[in-house]
Amino acid sequence: MGEENEASKSSPERDASSSSSSSSAESQVILNVYDLTPANQYSIWLGFGVFHSGIEVHGKEYGFGAHDFPISGVFEVEPKSCPGFMYRCSVPLGHLNMPPSEFRTFIESVASEYHGNTYHLISKNCNHFTDDISKRLIGKGIPGWVNRLARLGAFCSCLLPESLQVSTVKQLPEYHHSYTEEDGSGSSSSATPHEPTESEDGDQDKLLPPLGGSGDVAFIKEFPR
């Protein structure tokens, strides 16, 4: 009888612990969408616009941006507050059952596939990143309208200005310094900055987050393979 009573007392405690653990592993997966230009207010009625998106999991938002170096371009910000963009809306995508620690390992692993110097407005942009993450986590992609302009540009590059048809990059001296000092894998040659034309520079400032220039942005260090 004593053993049965002890078991009956400990069972609720175990159930509560199990419930708490399960609750901490659950997270809604949300797509946060931003306008890159005020012109979206008009073009959205035609079925397209120029958008940035980040994917929110476990209370943090993750995005992908460009820089000059062969290291992670995946970054973390507070939800709905990616600097440099105008928040438009949030789209619930589904639910995930994955502990925060396991998700962190996952996003660090994915970061190795999204180096900043591989960013391309048409073929590998921030919306391609969120679409990929969504498919891996919950088995479905983001709404088609978010990245429609890139898909149209892939079929007909004449739809976009010439300055937007090239791979867009940004120089991040602070991040490069950290990369070379901490990892010891950088080189002086990799520090040579890309010199955009005046037209490119103006367009790129509208299309890419001001990474490396704000304390609100934290890059995800890729998990070594």
Side-chain angles (χ1 to χ4, degrees), residues 27-67 72-94 96 107 110-111 114 116 118-138 140-154 159-161 163-165 167-170 172 175 196 200-220:
S27 173
Q28 190 172 18
V29 179
I30 301 171
L31 184 75
N32 294 324
V33 183
Y34 301 79
D35 288 321
L36 274 69
T37 169
N40 280 358
Q41 302 300 326
Y42 307 99
S43 64
I44 191 66
W45 296 106
L46 300 176
F48 67 91
V50 187
F51 303 105
H52 167 77
S53 67
I55 197 156
E56 180 181 342
V57 182
H58 286 303
K60 289 292 184 180
E61 181 178 316
Y62 300 87
F64 173 52
H67 56 68
S72 171
V74 177
F75 59 92
E76 174 186 284
V77 296
E78 290 300 314
K80 306 177 186 178
S81 61
C82 189
F85 298 134
M86 299 168 284
Y87 170 73
R88 166 173 281 272
C89 65
S90 293
V91 182
L93 298 175
L96 174 70
I107 201 70
V110 172
Y114 285 89
T118 67
Y119 182 104
H120 191 282
L121 183 64
I122 300 300
S123 60
K124 193 175 184 179
N125 63 33
C126 56
N127 301 318
H128 290 110
F129 167 76
T130 54
D131 186 60
D132 183 28
I133 296 299
S134 180
K135 287 177 179 176
R136 296 193 196 194
L137 291 178
I138 61 174
K140 70 175 185 178
I142 66 175
W145 59 267
V146 178
N147 207 28
R148 183 168 294 149
L149 188 63
R151 294 200 306 274
L152 289 174
L159 292 175
L160 298 174
S163 61
L164 301 186
Q165 297 174 26
S167 177
T168 50
V169 293
K170 268 190 176 290
L172 300 180
Y175 190 51
E200 284 179 336
D201 189 54
D203 288 325
Q204 290 172 21
D205 284 343
K206 297 176 184 176
L207 292 167
L208 298 174
L211 305 181
S214 169
D216 296 330
V217 175
F219 279 94
I220 300 298

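D132 pairs by the side-chain hydrogen bond (donor to acceptor under 3.5 Å, both in side chains) definition with Y114, R136, not counting sequence neighbours. For the side-chain hydrogen bond (donor to acceptor under 3.5 Å, both in side chains) test, no residue two or more places apart in sequence or in another chain qualifies with Q28.
Nearest heavy-atom pair across F75 and V77 is CD1-CG1, 3.8 Å. Taking both residues in full, the closest heavy atoms of V74 and A111 are given as CG2-CA, 3.8 Å, listed atom of the first, atom of the second, then distance. F129 and V110 make their closest contact through CE1-CG1, 4.2 Å (heavy atoms, listed as atom of the first residue, atom of the second, distance). In terms of heavy atoms, P79 sits closest to E61 at CA-OE1, 3.4 Å. Scanning all heavy atoms of the two residues, the minimum distance from W145 to C89 falls at CH2-SG, 4.1 Å.
Rounded to the nearest 0.5 Å, atoms CG (N127) and OG (S53) are 3.5 Å apart. Distance check, rounded to the nearest 0.5 Å: CG of N32 to CZ of R88 gives 13.5 Å. Summarising the geometry, atom CZ belonging to F51 is positioned 11.0 Å from atom SG belonging to C126; distances are rounded to the nearest 0.5 Å. Considering CD of E76 and OH of Y62, their distance stands at 4.0 Å, rounded to 0.5 Å. Note that NZ of K124 is 3.5 Å distant from OG1 of T118, once rounded to the nearest 0.5 Å. The CG atom of L137 lies 9.5 Å from the CG atom of L93; values are rounded to the nearest 0.5 Å.
Side-chain atoms of H128 and D131 form no donor-acceptor pair, as typed in the model, at a separation below 3.5 Å.
A perpendicular orientation is assigned to the rings of H67 and F219, their planes being inclined by more than 60° (bins at 30° and 60°). Between H52 and Y34, the ring planes lie tilted relative to each other; the angle falls in the 30° to 60° range.
The main-chain N or O of E78 is found under 3.5 Å from a side-chain atom of S81 such that the two form a donor-acceptor pair.
Proximity of F85 to D35: side-chain heavy atoms (C-beta onward) are nowhere separated by under 4.5 Å. No side-chain heavy atom of V91 sits less than 4.5 Å from a side-chain heavy atom of I142. I107 is listed as a side-chain neighbour of I133, based on a closest heavy-atom distance under 4.5 Å.
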